[in-house]
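Below is one structure, written out as structure tokens, with a few remarks after it.
Letters go in sequence order (proteins before strands), and every chain restarts at 1. Note that these values count all heavy atoms, side chains included, but never hydrogens, waters or copies made by symmetry. Quantities reported herein were computed from a predicted structural model and do not represent experimental measurements.
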There are 2 protein chains.
Amino acid sequence: MTVFDVAAEAGVSLATVDRVLNGRKGVRPATIGRVRSAVERLGFKRDSFAAGLATRRQERFCFMLPARGPNSFMNALRESVAAAAARMEENRVIVRILDYPAFDEQMLCRRLAELDPRDCDGVAAVAIESPPVRQEIDRLVARGIPLVTLVSDVSPSRRAHFHGIDNKAAGRVAASLIGRMVHVPRGKIAMVVGRMTLHDHADRRLGFEQVMRREFPQLALLPPIEGLDDSTVTEKLVGRLLALNEDIVGLYSIGAGNRGIIAALAHRRPSQAALPPPVTVAHELTPHARDALLSGLFTAVLHQDQEQEVADAIAALRALNRDEADFPARTVRLQIFLRDNVP
Amino acid sequence: MTVFDVAAEAGVSLATVDRVLNGRKGVRPATIGRVRSAVERLGFKRDSFAAGLATRRQERFCFMLPARGPNSFMNALRESVAAAAARMEENRVIVRILDYPAFDEQMLCRRLAELDPRDCDGVAAVAIESPPVRQEIDRLVARGIPLVTLVSDVSPSRRAHFHGIDNKAAGRVAASLIGRMVHVPRGKIAMVVGRMTLHDHADRRLGFEQVMRREFPQLALLPPIEGLDDSTVTEKLVGRLLALNEDIVGLYSIGAGNRGIIAALAHRRPSQAALPPPVTVAHELTPHARDALLSGLFTAVLHQDQEQEVADAIAALRALNRDEADFPARTVRLQIFLRDNVP
DNA sequence: ATGAAAGCGCTAACAG
DNA sequence: CTGTTAGCGCTTTCAT
């Protein structure tokens, strides 16, 4: 069952069948119909190996990530991208990793501006929410380089898709878990973000506060503190917060810097250590978060499958590159890990 | 960068390069070394499209599932298999779906016995735990047809892999959720299984009881009831149980038949309806479970990604078919859905 | 608007 | 043990 058989059945040549199959133009409607019905009758399915071999195009994509730093989530993401790059190489997809200093909008803009349509067929970027970035993304798209956002979105912008979890839902889930698991009648809830300009962190906070206010009004929300995704900074700030508020019964770690959270929780002052530890929900299952979960220091960890995010982003870029407008972008499933289902 | 270049660089022929690349025997160690280093030097990567095209083998696998019935989890699984079958067709993999009457060990055995190595290169089966089944699986493998278990394992047996979630862990997670979310000092916990001969159900119960007993001894475990994965049966049994025990504060639905659980919970007698509803954890995100979750009737649903299970099973069968002994079988990640992250 | 012919890079016979 | 040769089924020029 090959294109050849279809050609014979339809009474046309190989080339015409190919044109119809791939929606190329320059075929009379009547002929299209004949080929279509031949395909139908024979139950023809294209052999993707042969198709892949015959098209010798190479696709070149760029991943724009924050530079290597203390944020283990981002480091892990970089590994995922590198692994995907290696795997995709045999599918004629070349993935290059570029980076910008974390939180640095200006450098991100500059890096995006440098991209040349002649050696880059698409970009996946962990973005920062800001007008200049949005503008630069739009300019990139105008130049003919499609862009998808990864992990953290920029919206509204001309980016084609966002690949990541539903961060508002993540915040709501965290609130549900904490609210239902806190057993005291009242108390305070702390939030730690990396930085508010990160769209994903802002969304998580939004969802969290929404559910907290509506369903657990007896728990008081402290204003969020910014730990810059850095565990040293985070430890200092959280330590101070815990010392100042003896009655913190819940803690939501929205960003990175979990090592700092763990350290602060582990070193609570004796007066606090007597109380039950706050119900703590963190993000990203790094090795540290994993240990904190196993030791009972964290109650739950909300995680996103980075491999899937990366794979989805590459799939989307390929589709964009082939002008498949109807590519279905899916939201990466939020994963909840408790002590008993740690991977 | 092709095998041809590698051949030239190593000073051998195409065929020899191919032998080395694919680990075929009949090449002198010295030659192997020359080819390897040429590959290394040139950074050669095999083009999987060309490789796929050149091997014209067709793989034919069978999925052995319980017959279509009232169990929506199994119906959904069947859909997943059908979808995967369609997708794999263009990769030269043909998947056939076979079935046996649910719970019927004898028929399962008979169906397995009928399989012929001449038209089946591997089997993925949702199994039943019993000596005859185990024996029949071993016989199948002896006849040269590799088998992997799907969703529910049979162990020990000569099946190559199990593809599904860690069911003991699932039970432990359910216990953690219920235990931490029940706010009364004491009460009873109910368990509903499909049938104890299903390995996955038995495992979940094990994990559940283990954590319940150890961490929440103030909650009393009622003996599990068997609903046969049928919602009519389940509704009757659970209704009776709820009527007899006013102080049920937690409910773990281990198998299918969620519709029955939902009905029973929704129709609690007025005297009970005044109390807070039991903290309920169910399995399998069917549309009904989803609605129950959204309406607050279920507290959490534990789910497994069927698409991934099926994809993994097919990948494993392909590997077995190519005698890749070191294929890494992964455990499908247990998913936890709360009201706010329902897909 | 349609057809003929030349590969794409690899694997698999078969021959040495 | 190693080399030669003929495709796999599709896409892509180039002719018509």
(message) Counting only heavy atoms not in B:R24 (residues, nucleotides, ligands), do more than 12 fall under 6.0 Å from its CZ?
(response) yes

(request) Could you tell me whether A:R68 and A:D99 have a side-chain N and a carboxylate O separated by less than 4.0 Å? (result) no

(message) Would you say A:T16 places a side-chain N or O within less than 4.0 Å of OP1 or OP2 belonging to C:dG3?
(response) yes

(request) Run the salt-bridge test on B:R333 and A:D305 with the 4.0 Å N-O cut-off and return the result as yes or no. (result) no

(message) Between the side chains of A:E59 and A:R318, is the shortest nitrogen-to-carboxylate-oxygen separation below 4.0 Å, so that they form an ion pair?
(response) yes

Under 3.5 Å, which protein N or O atoms sit close to an N or O of nucleotides 9-12 of chain D? Give each pair with its distance.
residue, atom, partner, partner atom, Å
D:dC10, OP1, A:D47, N, 3.4
D:dC10, OP2, A:V3, N, 2.5
D:dT11, OP1, A:N22, ND2, 3.4
D:dT11, OP2, A:D18, OD1, 2.3
D:dT11, OP2, A:N22, ND2, 3.3
D:dT11, O5', A:D18, OD1, 3.3

Check: residues 113-120 of chain A side-chain donor-acceptor pairs under 3.5 Å, at least two apart:
residue, atom, partner, partner atom, Å
A:E114, OE2, A:R111, NH1, 3.2
A:D116, OD1, A:R118, N, 2.7
A:D116, OD1, A:R118, NE, 3.2
A:D116, OD2, A:R118, NE, 3.1
A:D116, OD2, A:R118, NH2, 2.6

